Structures are given as C-alpha cells and as structure tokens.
Amino acid sequence: MNLVMSEKMVVEKSEKLVAVKGMNDILPPDSARWEWLEDKVRSLMGLYAYRNIRTPIIESTALFVRGTGETTDIVEKEMYSFEDKLNGELLTLRPENTPGVVRASIEHNLTYEGGKRLYYMGPMFRHERPQRGRYRQFYQLGAEALGFAGPEVDVELMLLVHQLFANIGLRNVRVELNSLGVPSERQTHRAALIGYFEKHLELLDGEALRRLHTNPLRILDTKNPTMQALVQEAPQLLSFLGDASLQHFETVKTLLSACGVRWRVNPRLVRGLDYYSHTVFEFLTDELGAQGALCGGGRYDGLFELLGGKPTPAVGWGMGLERVLELIKQQGQEPVALNPDAYAVIAIAAAMPLAMKALQALRAAGVSVQQNAAAVPGFASMKSQFKKADASGARYALIFGSDELAQNYVTIKALRDRGGEQITRSLDGIATWATTLQLHP
Ligand code: HAM
C-alpha cells in the first residue's frame with residue numbers, strides 16, 4: 001500500500017480515533033472465553049488428527065474471484081480489495097479461507113504423499129451490514145480435509161463440529177444437509193430451474209431476476225416472503241442426481257445416524273459459495289435471530305482444478321466463533337473465571353527483590369500470581385493493597401514486609417475461606433509447598 005499520506009489520510013488531532021465499523025475489540029474478561037474456546041478446539045483437533053495451517057490474511061484478489069466465485073455475494077459486493085500501490089498488485093483481505101488453503105496446498109504440494117487434514121482459526125473480512133452476529137471482521141474456525149473422496153470424511157468433519165458443540169455445552173443446534181451432486185447434474189437442474197422461473201417472471205424480485213442467468217441456484221436461498229411459495233415448488237436438485245451422487249449422499253446420512261447425529265435434509269440448502277459439489281451442510285440455531293448459521297461447509301471436489309492444481313477431492317467447513325460464543329452466553333453458561341491464585345502485597349521497597357524472585361519461583365511451579373502495582377511510583381498503603389487483593393478474586397494474599405525480608409519467609413493469608421487464616425512459609429523451599437496454593441492443580 002502507498003505509505004505516503006494523502007490529504008484524506010491526515011487526521012485532525014482532535015478527532016477521536018475509534019475502531020472501524022463492524023470490527024470489534026475483544027477485551028478481558030471476554031477474551032478469556034475466546035481462549036477457553038480456542039483451547040477446546042485445539043485439543044479436539046488433535047483427537048481427530050487435524051493439523052494447524054496458517055495462511056496469509058491477504059491474498060491476490062484473483063484467488064477469490066476464481067475460487068469463491070464471481071457471482072457470489074462475497075465477490076460481488078463484500079470484499080475488502082485494494083491495489084498495492086508499490087507494485088500494482090490487486091489484493092484482498094480474505095473473506096474466507098478455503099481458497100487460501102487450496103492455494104497453499106497446490107503451491108507446497110501438500111497432498112503429494114496422501115490426504116491432509118487441516119484446521120485454522122483466524123480473522124476473515126466481509127463488508128456486510130453489521131448487526132448482531134454479523135461483523136466486517138469476524139473469526140472463523142475452519143477444517144479442511146484434502147485428498148479424500150469418500151463420504152466417511154464428510155461425516156468425520158460433521159462429527160468434529162458435533163463433538164465440539166457437545167464439549168462446550170451448546171444445546172439445540174440442528175444439522176441440515178443437502179447434496180449438490182456433480183457439475184453435469186447441476187447443469188441439467190440449472191436448465192430446468194431457469195425454465196421454471198422464466199414461466200413465473202412476474203413473481204421474481206430484482207435480485208432473483210439479476211441472478212436468473214448467472215446463479216439461479218441461489219434464488220432458492222431467497223428470504224423474500226413473497227417468493228417462498230414459488231421456490232418451494234421449484235425443481236429440486238436432488239431429483240436430478242444420478243446413482244453415484246445419491247449413493248454418496250445416502251452413505252453420509254446412514255453414517256451420521258449410526259454416530260447418533262440427528263439431521264434433516266433441506267433440499268433448498270445451496271450455500272453461498274460456488275465451489276461446492278455433493279454434500280453440503282449447516283449447523284443452525286434459532287436462538288440468535290437472523291444470524292443462526294453457526295457453521296457451514298461441504299465438499300468441493302472441483303476447486304483444486306479451478307485454481308490450477310491436480311484434481312483433488314476435498315471437503316470442509318467454516319464456523320463463526322462470535323456466533324458460537326454469543327450462543328454460549330445466551331444459553332447461560334458462566335463466564336470463565338480469570339482469578340489469579342494469589343496476589344502479592346509488598347509493603348516496603350527493600351522487600352521488592354526478594355518478593356519478585358519468590359514470585360518467579362511460584363509461577364515456575366504453576367501458581368498464578370498477580371503482583372501489586374501502583375499507578376504512580378511508590379508504595380500504596382497496606383490497606384489499599386489488600387483491597388486490590390480482594391478485588392482480584394485471588395484466594396491468597398502473599399505478604400512481603402520487613403519481618404519476611406529479615407527472615408526469608410512469606411506470609412500467606414487466606415482471602416476467601418478459613419476465616420482469614422495466616423501461615424508462614426520459608427522462601428527456601430518454595431517448590432515443596434507452591435502447589436498447595438493452586439486453584440486448579
Ligand atoms: P460461510 O458459510 O461463508 O462458509 O461461512 C462459515 C461461517 O462463518 C458461517 O456459518 C458463520 O457462522 C460465519 N460467518 C460468515 N460471515 C460472517 C460475518 N460477517 N460475521 C460473523 N460470522 C460470519 C465459508 O466461509 C466456507 N469457507 C466454509 C467452508 C470451508 N466450506 C468448505 N470448507
């Protein structure tokens with residue numbers, strides 16, 4: 001980007017600088033929920049042998065135009081695209097990461113020795129109208145299985161989501177499925193669909209008319225109430241599928257049921273991205289208003305070729321983490337506690353070296369300790385330090401004063417229970433007693 005400031009970029013000194021609309025700061029204590037969720041994700045991904053992939057946030061614009069699809073909402077109107085004025089390249093902040101993962105896989109020949117199971121977590125950018133659950137920068141968790149053709153991998157990916165939601169205690173999430181078959185089946189269906197809608201042109205809204213010859217499948221997705229009856233009666237792609245596609249879909253359904261996942265076929269589920277074939281699915285909730293899609297994905301067997309790679313079957317999903325966290329909150333789960341185990345009260349400057357060394361040893365032994373610190377240089381009164389110790393939520397105060405310094409010990413005061421009991425412990429043997437202070441040993 002051009003780093004020379006244009007007149008427009010010069011900011012009045014008095015102007016208040018705030019975050020870009022639709023892009024949120026994630027602050028403590030809320031950020032603790034994010035970390036908690038990310039930890040759950042990492043351990044679950046390990047159990048399914050999915051490995052982490054990190055691709056750049058900026059990719060060439062052409063990747064999304066070709067990969068996500070020219071006639072999708074994302075490419076038509078939601079991308080943050082710009083020209084790198086240093087070299088004229090056309091770049092885009094990633095609106096989704098499936099094309100990026102496929103690009104990386106082709107570039108590094110990731111599937112050379114066989115299939116790869118990958119996952120990522122990170123920000124995506126879409127210039128949509130911000131509202132609850134819909135942001136311009138949002139975080140997606142995604143999983144992509146590259147190089148596997150069988151329906152069992154479609155199911156494995158859905159089981160991952162199902163298991164993650166169970167592990168974090170989400171309730172009332174439903175699973176909708178559909179099959180989009182293969183390109184030749186979609187072509188025949190497309191012709192039938194256009195023929196059907198052309199017979200009812202007077203019932204189509206502007207958006208549908210615009211899509212009629214570019215992306216008629218997406219008309220089935222319409223939210224317009226006056227078109228519902230029309231799309232209900234429209235030819236269904238499922239009835240255009242051949243034996244192989246039907247067999248793939250049947251196996252997905254059978255395996256899901258065998259694993260205890262309840263699903264429903266929604267013949268109008270078409271997804272908003274162009275690359276899908278065979279299975280598509282969404283995990284939905286009714287408890288978040290209009291933005292009820294928590295996770296969506298499907299098979300994209302043609303994308304590697306479209307992006308210049310060898311034919312490689314693939315399947316994956318993306319999940320909006322803001323929506324998942326919002327639902328957790330809405331369903332009344334307690335926030336994650338951020339309390340340290342102990343709070344260090346330091347009475348005199350001379351005790352500081354001894355205290356800080358002791359705190360390091362405690363942390364090395366796994367005890368979380370918050371050290372008192374004042375807004376101005378100097379030492380706050382013991383009363384004020386104890387007030388902060390209380391407010392921190394710590395279970396113990398660790399006191400370092402002149403007696404402690406003289407005799408090399410620390411006084412440990414219980415703040416929450418045991419009637420404020422005080423004990424002393426030698427600083428020589430920290431490792432032997434440290435873990436007794438841990439809240440979660
Ligand atoms: P997607 O359906 O566009 O699919 O997005 C996946 C999920 O990201 C949505 O279900 C939603 O939870 C979340 N999401 C999307 N847009 C926003 C937004 N503006 N604000 C908050 N959350 C949002 C994909 O992106 C595909 N790459 C999924 C995939 C992976 N398919 C195959 N592999």
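The structure presented is a predicted model; accordingly, all values stated were derived computationally and were not measured. Both counts, for ligands and for their atoms, begin at 1 and track the order of listing.
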Closer than 4.0 Å to some heavy atom of Arg271 - which atoms of ligand 1 meet that? 1 (P), 2 (O), 4 (O), 28 (C)
Listed partners of Tyr139 passing ring pair (Phe, Tyr, Trp, His ring centres under 6.0 Å), at least two apart: Trp34
Note: ligand 1 atoms sitting under 4.0 Å from heavy atoms of Gly318 are 6 (C), 7 (C), 28 (C), 29 (C), 30 (C)
Closest to atom 24 (C) of ligand 1 among Leu284, Leu273, Leu321 (heavy-atom distance): Leu273
Tyr139 touching ligand 1 at heavy-atom level, < 4.0 angstrom: no
Indicate the atoms forming the closest heavy-atom contact of Ser81 with Thr92, along with that distance. OG-OG1, 2.7 Å
Between Asp341 and Tyr396, do the side chains contain a donor N or O and an acceptor N or O under 3.5 Å apart? no
Does Glu128, backbone or side chain, put an N or O under 3.5 Å from an N or O of ligand 1? yes
Under 3.5 Å, is there a donor-acceptor pair linking the side chains of Glu207 and Thr222? no
Quick test of your reading of the model: are Glu96 and Arg126 salt-bridged, counting only N-O distances below 4.0 Å? no
Can you check whether Tyr120 has an N/O within less than 3.5 Å of an N/O in ligand 1? no
Does only the side chain of Tyr275 get under 4.0 Å from ligand 1, or the backbone, or both, or neither? Count heavy atoms. side chain
Do the side-chain N and O atoms of Tyr135 and Gln291 include a donor-acceptor pair separated by under 3.5 angstrom? no
Which option, Glu322, Arg126, Met319, Arg94, owns the non-hydrogen atom nearest atom 16 (N) of ligand 1? Arg126
Just wondering, are more than 12 heavy atoms of other shown residues or ligands nearer than 6.0 Å to CD in Glu70? no
For Gly296, take its heavy atoms, then give the atoms of ligand 1 lying under 4.0 Å from any of them. 10 (O), 28 (C), 29 (C)
What is the closest protein heavy atom to atom 20 (N) of ligand 1, and at what distance does it sit? Tyr135 N, 3.0 Å
Here the atoms of ligand 1 under 4.0 Å from any heavy atom belonging to Gly297 are 31 (N)
So, applying side chain to side chain contact (heavy atoms under 4.5 Å, CB included) with Arg174, which one of Asp286, Asn266, Thr285 is it? Asp286
Non-hydrogen atom of Cys295 closer than 4.0 Å to ligand 1: yes
Say you draw a straight line from OH of Tyr275 to CG of Leu180; how long is it, rounded to the nearest 0.5 Å? 12.0 Å
Numbered in order shown, the ligand 1 atoms found under 4.0 Å of a heavy atom of Glu144 are 30 (C), 32 (C), 33 (N)
Less than 3.5 Å between some nitrogen or oxygen of Leu294 and one of ligand 1, yes or no? yes
More than 12 heavy atoms of other residues, nucleotides or ligands under 6.0 Å from CZ of Arg54: is that the case? no
Heavy-atom contacts with Tyr276 under 4.0 Å: which atoms of ligand 1 show up? List them by number with element. 26 (C), 28 (C), 29 (C), 31 (N), 32 (C)
Does a side-chain N-to-carboxylate-O contact under 4.0 Å join Asp73 and Arg211? yes
Glu96 N/O to ligand 1 N/O under 3.5 Å: yes
Do Ala293 and ligand 1 have an N or O pair less than 3.5 Å apart? yes
Using a 4.0 Å cut-off to any heavy atom of Tyr300, which atoms of ligand 1 qualify? 32 (C), 33 (N)
Show the numbers, then the answer: is there a side chain to side chain donor-acceptor pair (under 3.5 Å) between Gln187 and Arg190? CA-CA 5 Å; Gln187 265 328 98; Arg190 182 190 154 102; 4.9 Å; no
Please report which non-hydrogen protein atom sits nearest to atom 8 (O) of ligand 1, along with the residue it belongs to and the distance in Å to one decimal place. Gln140 NE2, 3.2 Å
Are any of the N or O atoms of Arg134 closer than 3.5 Å to those of ligand 1? no
Protein residue, atom and distance nearest to atom 32 (C) of ligand 1, heavy-atom basis: Gly316 O, 3.2 Å
SB check Glu326 Lys329 (cutoff 4.0 Å): no
Show which atoms of ligand 1 fall inside a sub-4.0 Å distance from at least one heavy-atom site of Gly133. 20 (N), 21 (C), 22 (N)
Taking atom types as modelled and ignoring hydrogens, do the side chains of Asn97 and Thr55 form a donor-acceptor contact shorter than 3.5 angstrom? yes
I want to know if ligand 1 touches Phe138 in the polar sense, i.e. an N/O pair below 3.5 angstrom. no
